[in-house]
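For reference, the structure discussed in these notes is given below.
Both counts, for ligands and for their atoms, begin at 1 and track the order of listing. Below, each value reflects all heavy atoms present in this structure, side chains not excepted, and no hydrogens, waters or symmetry copies. For this chain, numbers begin at 1 and follow the sequence in order.
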Amino acid sequence: MKVVKEGFIHQLNFYPTLFPVSCYFVEEENELTLVDTALPNCYKSIIDTAQKIGKPLTRIVLTHAHGDHIGSLDKLKEMLPDVMVYISKRDERLLRGDRSLDENENKTPIKGGVPKPGEIKTQPDVLLQEGDRIGSLKAISTPGHTPGSMSFIDERTKAIIAGDAFQTRGGVSVSGHTQVLFPFPAIATWNKEVALKSAIKIKNQNPSLLAVGHGKMLKQPGSIIELAISKLEKTIS
Ligand SMILES: [Zn+2]
């Protein structure tokens with residue numbers, strides 16, 4: 001596991017050479033927010049890293065309910081029972097193993113590793129909606145990869161943690177646009193037309209940093225994001 005720090009954001013990058021999976025600590029004055037929990041065996045490194053930073057982990061925020069983002073959730077909640085857990089209202093259903101779609105949602109099937117009903121024991125404390133605040137982070141609804149995917153922008157710096165709305169491994173791309181060198185996030189994407197709209201929404205935030213679930217963080221990502229959007233647009237139109 002490798003830790004990379006950019007401002008208030010610490011990226012914990014597991015298996016960087018094989019199948020990179022990242023989760024993030026967002027540093028607040030007196031505490032830490034963990035965004036995503038990586039794979040089931042990552043909890044020990046997550047706790048060790050919090051101890052090294054020297055601040056208590058008080059919140060866990062989930063970008064979406066895929067297995068490589070919620071893997072250590074139960075273990076962390078068991079070890080730190082006071083931690084508050086946040087997920088979007090929509091993806092909480094996926095966390096419970098319910099893959100059903102709403103009336104108004106695009107009827108493409110939800111893909112990727114979603115927990116089986118009853119598999120995840122943790123009950124989220126807060127079901128997030130657009131604009132909710134979690135410390136310095138603001139929740140932005142960015143569906144597409146899953147119906148309830150969310151991104152989180154740090155209002156101090158405009159760094160954005162976008163889960164799998166983008167990937168930077170194997171080439172920078174919008175969720176749903178297959179990168180031959182690392183196709184897994186695209187294979188796990190529910191709806192790329194919806195993902196495209198969310199990518200534009202992220203671009204319009206003018207983020208100073210793009211941090212994603214799979215791949216390196218990108219500073220001043222504006223033009224790279226634009227390019228990734230135009231590439232996906234070409235495959236759709
Ligand atoms: Zn995912």
Side-chain angles (χ1 to χ4, degrees), residues 11-16 18-24 34-42 46 60-74 76 85-101 105-106 108-116 119-120 122 124 128 139-152 160-199 201-202 210-218 225 228 232:
Q11 182 191 51
L12 282 66
N13 185 2
F14 296 91
Y15 311 107
L18 272 166
F19 184 95
V21 175
S22 292
C23 62
Y24 293 89
L34 178 69
V35 180
D36 288 339
T37 67
L39 297 160
N41 55 349
C42 297
I46 292 171
I60 296 176
V61 182
L62 301 165
T63 60
H64 64 293
H66 277 151
D68 50 343
H69 296 253
I70 60 166
S72 284
L73 175 64
D74 275 351
L76 290 167
V85 176
Y86 303 69
I87 190 168
S88 74
K89 192 168 186 304
R90 178 64 185 88
D91 259 27
E92 189 266 344
R93 251 163 73 196
L94 273 191
L95 192 65
R96 284 190 272 118
D98 176 357
R99 286 177 181 250
S100 64
L101 291 163
E105 283 172 344
N106 223 299
T108 45
I110 293 175
K111 294 183 186 159
V114 170
K116 293 185 184 72
E119 193 180 335
I120 296 291
T122 304
L128 293 168
I140 301 169
S141 184
T142 51
H145 183 66
T146 62
S149 286
M150 275 196 154
S151 298
F152 301 95
I160 197 162
I161 302 175
D164 289 352
F166 285 91
Q167 69 181 73
T168 64
R169 173 70 168 198
V172 178
S173 64
V174 177
S175 180
H177 186 195
T178 306
Q179 289 286 358
V180 180
L181 294 176
F182 195 73
F184 311 104
I187 293 167
T189 292
W190 164 59
N191 191 286
K192 62 181 178 182
E193 283 81 7
V194 179
L196 177 62
K197 285 191 191 130
S198 293
K201 191 172 176 187
I202 288 170
L210 177 66
V212 297
H214 308 283
K216 289 185 175 147
M217 293 189 282
L218 290 180
I225 287 178
L232 179 58

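- Relative orientation of the His214 and Phe19 rings is perpendicular, given thresholds of 30° and 60° on the angle between their planes.
- Here the protein contributes His64 NE2, His66 ND1, His145 NE2, Asp164 OD2 as N, O or S atoms under 2.8 Å from the Zn ion (ligand 1).
- One finds no salt bridge joining Glu193 and Lys197 here, because no Lys/Arg side-chain nitrogen approaches an Asp/Glu carboxylate oxygen to under 4.0 Å.
- Under the side-chain hydrogen bond (donor to acceptor under 3.5 Å, both in side chains) criterion, Asp74 pairs with Thr122, not counting sequence neighbours.
- Under the rule for a side-chain hydrogen bond (donor to acceptor under 3.5 Å, both in side chains), the partners of Thr146 that lie at least two apart in sequence or sit in another chain are Asp91, Ser149.
- Atom NZ of Lys216 sits in a sparse spot, with 12 or fewer heavy atoms from other residues, nucleotides or ligands closer than 6.0 Å.
- For Glu105, the side-chain hydrogen bond (donor to acceptor under 3.5 Å, both in side chains) partners at least two apart in sequence or on another chain are Arg90.
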